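A short write-up of the structure that comes next.
Computed from a predicted model, the values in this text were never measured in an experiment.
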Amino acid sequence: MNQQIIDLLRKIADLLEIKGEVIYKILAYRKAADSLENLGGDIREAWRQGKLTEVPGVGKAIAEKIDEWITTGRLEFLEKLQAEVPGSLVELLQVTDLGPKKAALFWKQLGITNLSELEAAARAGQLRDLPGMGEKSESRILAGLEALARRSDRAPLGKAWPFAQELLAYLRSIPGVQQVQIGGSLRRMSATVGDLDIVAGASHSLPVMQAFTGHPDVVRILGQGETKSSVEFSHHLSAQLWVLPPERFGTALQYATGSKDHNVRLRELALKKGLSLSESAFQRPDGSEILCASEAEVYDQLGLPFIPPELREDRGEVQAALAGTLPILLELSDIRAELHAHTTWSDGKLDIRQLADAALQRGHKALAITDHSGSLGVAGGLKIEDLRAQRAEIDAVQAQLGDSLRLLQGCEVEIRADGSLDFPDQVLASLDIVIASLHSSLRQERQQVTQRLLKAIENPHVDIIGHPTGRLIPNREGADLDMEAIFQAAAQHQVALEINAHPSRLDLDDAHARRAIQSGVSLSINTDAHSASDLDLLFFGVATARRAWSTTEDVLNAWPVERLLSWLESRR
DNA sequence: GCCGTTTTCGGCCCGACTGTTTTCAGTCG
C-alpha cells in the first residue's frame with residue numbers, strides 16, 4: 001500500500017514534467033513521495049487518523065489525492081492527466097540522457113509513447129533530425145536503451161562495498177592523490193547503491209582522471225571532464241569521480257555524499273547566512289570564497305555539529321543538529337555479543353568450539369548458539385532430542401573457554417504457517433535465548449501473516465524476532481506485514497526485533513528500525529552467521545541501525561553483557 | 001504544490017558535462 005501511493009505520486013510528477021508543468025509543482029510531488037517513503041510507518045494509518053498533512057511536504061492538495069485513491073481506488077486527477085499525456089511515456093525517463101523535455105519532443109513530433117517505439121525510431125535514424133538532436137544524441141539514446149536492457153538495478157550494499165574498497169586503493173596509489181573518499185549512497189550505507197561516487201583531492205586533476213578512466217575494469221567512459229568523470233565497469237557498476245584541489249576537498253566530499261535533499265537543506269541554511277554553497281566552496285555575495293579542506297569545516301561554517309553520513313537523508317537531521325539533539329550513534333565496537341549464529345548442529349559450517357573462537361577473535365563477550373528448529377528440513381533443523389546433547393557440548397566448550405566468552409544455548413525456532421512455534425513451550429523454556437523467525441509461507445495475506453508474527457511475539461518464551469519481514473535483497477520483498485501492529489506488540493511484550501546484518505537481508509530496514517525505536521522497541525543486531533567470516537557482516541547491520549538513529553541504549557547486544565544476561569534471565 | 005526566525009505571497013539549491021549550438025538547452029547528481 002505504501003509503495004503504491006509513493007509510486008502514484010512519482011508517476012504524477014513524471015507526467016507533469018513531460019507535460020511541461022512548472023517545476024516546483026513537480027518537485028512538490030517528488031518531495032511528498034520521498035517524505036512518505038522515509039516515514040517508515042503506514043501511510044494508511046496516518047490517513048485513518050487524519051494526519052496526512054502532518055507529513056512534511058504533504059499539503060491539502062496531495063492529502064486529498066491520497067484520500068481519493070485510498071477511498072475509491074481511483075484518482076480522477078491522474079486519469080485526466082493521462083488523457084493529456086500517455087502514462088507509458090514515463091518509461092522513457094529510465095533511459096540515461098533522456099529526460100522529460102526529450103520525451104515530450106519524441107512524443108509530440110513522432111508519436112512515440114513507449115520504449116519499444118523509441119528503440120524502433122532510434123534504429124531507423126528518425127531521432128537525429130529533430131530539433132536539438134543529432135547523430136551523437138541518437139546513438140547515446142540507443143546506448144542508453146541497451147544499458148537499460150542489461151541493467152541489474154541497484155547493487156546490493158554487500159556487492160558495492162568490497163568493490164569500492166578496491167577502487168579506493170587503486171586511486172590512492174596514483175601519484176599526486178592526497179585524499180580519496182567514497183561518497184554517495186554507499187557512504188550513507190544505503191541498503192542498495194545506484195552507482196559509486198568518489199572524491200579525490202589532488203592539485204592536478206588530469207593524471208587522476210586518466211588513471212580513473214583507464215582502470216582495467218572500465219568498459220565504457222560515460223563522461224570525462226576536468227573536475228568530474230564517470231565510467232561503467234564490466235560488472236555493471238558505474239562510478240563517478242570528482243577531483244578537486246585538496247583545499248576544497250571538504251565541500252566536494254560533503255556534496256558528493258548527499259543525499260540530494262540533505263544538501264538542499266544545507267544550501268538553504270547557507271543562504272540564510274548570506275552564503276552560497278557549492279561543491280567547490282562557500283561564496284560570499286561579493287564573490288569571495290571560503291574554502292573547506294575537511295567536511296567538518298563545512299558543517300562548522302553552517303553552525304552545525306558534524307552530521308554522520310548515515311543520517312544525511314533529510315529525515316530531520318539538520319533540524320536536530322540545529323537544536324543540538326543529534327543522537328550519539330551506536331558504533332561497531334559497542335556490540336559485545338552475537339545472538340544469532342548457526343553451527344554444524346544445523347546448517348552452519350563450524351562446530352561450537354570453532355564458532356566460539358571466531359567470536360572471541362572479534363572481541364565478543366557472549367555468543368548464542370541458535371540453530372534451526374526441526375521443521376526447517378532444508379537447514380537440517382534440530383530435533384527436540386538433539387537439544388540435550390547440544391547442551392552438553394556447549395557446557396564442555398564453556399568449561400574450556402572459562403570467563404572469556406559466555407555461551408548461550410538458544411535456537412532459531414520456526415514460526416509455522418498457523419503461527420504456532422516448532423518447539424513446545426517447555427522446550428523453549430529450557431533454552432537461554434529464543435529467536436522466532438518466518439522462513440516459509442511469506443506470501444500469506446497481510447492479516448494472516450501479521451497474526452502469525454503477533455502470536456510469536458505474545459509467546460512468553462520468545463526473546464527476539466529474527467529478520468522480521470523476510471525480505472531478500474534484491475529479489476524478494478518482505479511479507480506484507482502491518483508493521484505498526486508488530487511494533488506495538490513488541491514494545492508491549494518487550495520482545496526485541498532483529499536487524500539481520502547480512503547484506504542480502506538488512507531486515508528490519510532503516511526506516512522500520514527507526515519506527516521501532518520510536519515505538520519503544522529494543523533491537524538486536526545479529527549476523528545470522530553460518531561461517532567465521534559471516535561474523536564480520538555485523539558492520540552492515542550496525543550501519544543500518546545508525547541510519548535508524550540508533551544509540552547503544554536501543555540495542556540489546558550493545559548493552560554491557562551483565563545487563564543483557566540479567567534481561568534474558570528475567571524473562572525465563 | 002508546499003511553506004513561513006526576512007514570507008499567508010512569493011519564493012523554492014548549484015554547477016559540470018555534453019551536444020547542438022553561434023550563446024544555450026538538456027540532463028545529471
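- What separates CD of A:E279 from C1' of B:dG29 is a distance of 9 Å, to the nearest Å.
- Whole-Å rounding puts the A:Q240 CD to B:dG15 C1' distance at 13 Å.
- Taking atom CZ of residue A:F282 and atom P of nucleotide B:dG15, one finds them 13 Å apart after rounding to whole Å.
- Within a 6.0 Å radius of CD in A:Q518, other residues, nucleotides and ligands contribute more than 12 heavy atoms.
- Nearest to the side chain of A:L271, among B:dC13, B:dG19, B:dC17, sits B:dC13.
- Among the nucleotides B:dC28, B:dC14, B:dC17, the one closest to any side-chain atom of A:S276 is B:dC14.
- Between the side chain of A:Y255 and the base of B:dG15, no donor-acceptor pair under 3.5 Å is found.
- Salt bridge A:E484/A:R515: present, at least one basic N to carboxylate O contact under 4.0 Å.
- Where A:P100 and A:R267 meet DNA chain B, the nucleotide closest to each residue was compared, and A:R267 sits on the side nearer the 5' end.
- The pair A:E68-A:K65 does not count as a salt bridge, with every side-chain nitrogen at least 4.0 angstrom from each carboxylate oxygen.
- Across B:dC28, B:dG1, B:dT20, the shortest atom-to-atom separation from the side chain of A:I62 is found for B:dG1.
- One can place CE of A:M209 at 7 Å from P of B:dC17, the figure rounded to the nearest angstrom.
- A straight line from CD of A:E17 to C1' of B:dC28 spans 12 Å, rounded to a whole angstrom.
- If you measure from atom NZ of A:K101 to atom P of B:dC24, you get 16 Å, rounded to the nearest angstrom.
- Residue A:E268 contributes atom CD, which lies 17 Å from atom P of B:dC2 at whole-angstrom precision.
- Between B:dT7 and B:dG1, the distance separating the two P atoms is 25 Å to the nearest Å.
- Stacking of A:R312 on the aromatic ring of A:Y255 is not recorded, the 6.0 Å distance cut-off and the 45° axial limit not both being met.
- In this structure B:dT7 sits in the syn conformation; its chi angle is within 90° of 0.
- Ranked by how close their nearest DNA chain B nucleotide is to the 5' end, A:K260 and A:E135 are led by A:K260.
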